[in-house]
Student: 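Dumping the structure here so I can ask a few things about it.
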Amino acid sequence: MRETKKGMLLVISGPSGTGKGTLVDRLLKEDPSFVFSVSCTTRAPRSNEIPDVHYHFITEDAFEKKVQEDAFLEHATVHDHRYGTLRSEVYEKMDQGLNVVLDIDPQGARHVMEREPSCVSVFVLPPSYEELYRRLHTRNTEKEEEIAKRMRNARGEIAQKHLYQYLLVNDTVEASMEILRAITRAEKQRAIRYFPEISEEEETNHVDC
Ligand code: ADP
Ligand code: 5GP
């Protein structure tokens, strides 16, 4: 049997610190059909980040130029920095039959859901606000003021969860990965992106039934 596949666009969104990056990293490690869409950002790289692997780190001017050129599928200002998903990252990979995963904030996710209605959208929730606060602290990448801003934003973002196809409460990473595997497994079989061709030959190999 021959089969053709069209890439899936998987949008993972949710409040900062809820565990999106952790789940996306795990998905990329265990499922080679997925590739990451490397976003552009105007924020400075963190010590553990590799340019063009985690982000394309660019200046405000370079970002604005890309906006003018319509290079972004979506872009947003998140916690005072600009972030954008490049069309080239998404469509070139999907055209190769790869599944593309976006780890983007809820403003950007809303734009992608409007522009690409066939995308698969997953909103990641924390088990509680207390746990979200704890995770933002233990990650140790933001100062207290930044954490407070993320906690304030989280409430408004969570209020928009009904816009997504799937909701995932990220209690343990293992349990969340089980859910994510189930979602991606089922979504790969959708008739909009999976085209099995049943050959005549296979049919004649069988006796009457
Ligand atoms: P996001 O990408 O949504 O901002 P991260 O993936 O950076 O969030 O996770 C924030 C922090 O929470 C990190 O320190 C990460 O190791 C931790 N974390 C992620 N998922 C879980 C989980 N299920 N249980 C406990 N800690 C988690
Ligand atoms: P961080 O700076 O911690 O890596 O990311 C901050 C937030 O920006 C996260 O919620 C992340 O999902 C989001 N983000 C990363 N890339 C993009 C993007 O291309 N577009 C949008 N809208 N958000 C992004």
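First listed ligand is number 1; within each ligand, the first listed atom is number 1. None of these values were measured; they are calculated from a predicted model. The chain is numbered in sequence order, starting from 1.
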Student: Has ligand 1 got any nitrogen or oxygen that is less than 3.5 angstrom from a nitrogen or oxygen of D103?
Tutor: no

Student: Report, in ascending order of atom number, the atoms of ligand 1 lying under 4.0 Å from any heavy atom of N170.
Tutor: 20 (N), 21 (C), 23 (N)

Student: Within the structure, does E131 bring an N/O atom to less than 3.5 angstrom of an N/O atom in ligand 1?
Tutor: no

Student: With sequence neighbours excluded, what pairs up with Y194 under the ring pair (Phe, Tyr, Trp, His ring centres under 6.0 Å) test?
Tutor: none

Student: Mind checking whether S176 contacts ligand 1 via backbone (N, CA, C, O), side chain (CB onward), both or neither, at a 4.0 Å heavy-atom cut-off?
Tutor: neither

Student: Just let me know how T172 lines up against ligand 1, side chain, backbone, both or neither, with a heavy-atom cut-off below 4.0 Å.
Tutor: backbone

Student: Near ligand 2, which protein residues have a heavy atom under 4.0 Å away?
Tutor: K20, S39, R43, R46, Y55, E74, A76, V78, Y83, G84, T85, D103, I104, D105, G108

Student: Would G14 count as a contact residue for ligand 1, given that I'm defining contact as a non-hydrogen atom of the residue lying under 4.0 Å from a ligand atom?
Tutor: no

Student: As a quick check of understanding, evaluate side chain to side chain donor-acceptor pair (under 3.5 Å) for S176 and N170, giving each step before the final call.
Tutor: CA-CA 6 Å; S176 296; N170 183 19; 2.8 Å; yes

Student: Do NZ/NE/NH1/NH2 and the carboxylate oxygens of R43 and D80 come within less than 4.0 Å?
Tutor: no

Student: Any atom of ligand 1 sitting under 4.0 Å from a heavy atom of D25?
Tutor: no

Student: Any N or O on R135 sitting closer than 3.5 Å to an N or O of ligand 1?
Tutor: yes

Student: Heavy atoms only, cut-off 4.0 Å: how does L23 contact ligand 1, side chain, backbone, both, or neither?
Tutor: neither

Student: Name the option, out of G21, P126, G17, that contains the heavy atom nearest to atom 10 (C) of ligand 1.
Tutor: G17

Student: Could you check E92, K93, M94 and say which one makes a side chain to side chain contact (heavy atoms under 4.5 Å, CB included) with V90?
Tutor: M94

Student: For the residue pair Y164 and F123, does the interplanar ring angle fall in the parallel (under 30°), tilted (30 to 60°) or perpendicular (over 60°) class?
Tutor: tilted

Student: Run Y55 and Y83 through ring pair (Phe, Tyr, Trp, His ring centres under 6.0 Å) and show every step you take.
Tutor: CA-CA 9 Å; Y55 282 107; Y83 294 82; 5.8 Å; yes

Student: Going by the order shown, which atoms of ligand 1 are within less than 4.0 Å of some heavy atom of D171?
Tutor: 22 (C), 23 (N), 24 (N)

Student: Would you say R185 has more than 12 foreign heavy atoms packed within less than 6.0 Å of its CZ?
Tutor: no

Student: May I ask you to say whether R26 pairs ionically with E174, meaning some side-chain N is under 4.0 Å from a carboxylate O?
Tutor: yes

Student: Which residue and atom name correspond to the protein heavy atom nearest atom 19 (C) of ligand 1, and how close is it?
Tutor: T22 OG1, 3.4 Å

Student: Going by an N to O cut-off under 4.0 Å, is there a salt bridge joining R134 and E130?
Tutor: no

Student: Considering only NZ, NE, NH1 and NH2 on the basic side and carboxylate oxygens on the acidic side, decide whether K149 and E142 come within less than 4.0 Å.
Tutor: no

Student: Decide, yes or no, whether a salt bridge links R110 with E157 under the criterion of side-chain N to carboxylate O below 4.0 Å.
Tutor: no

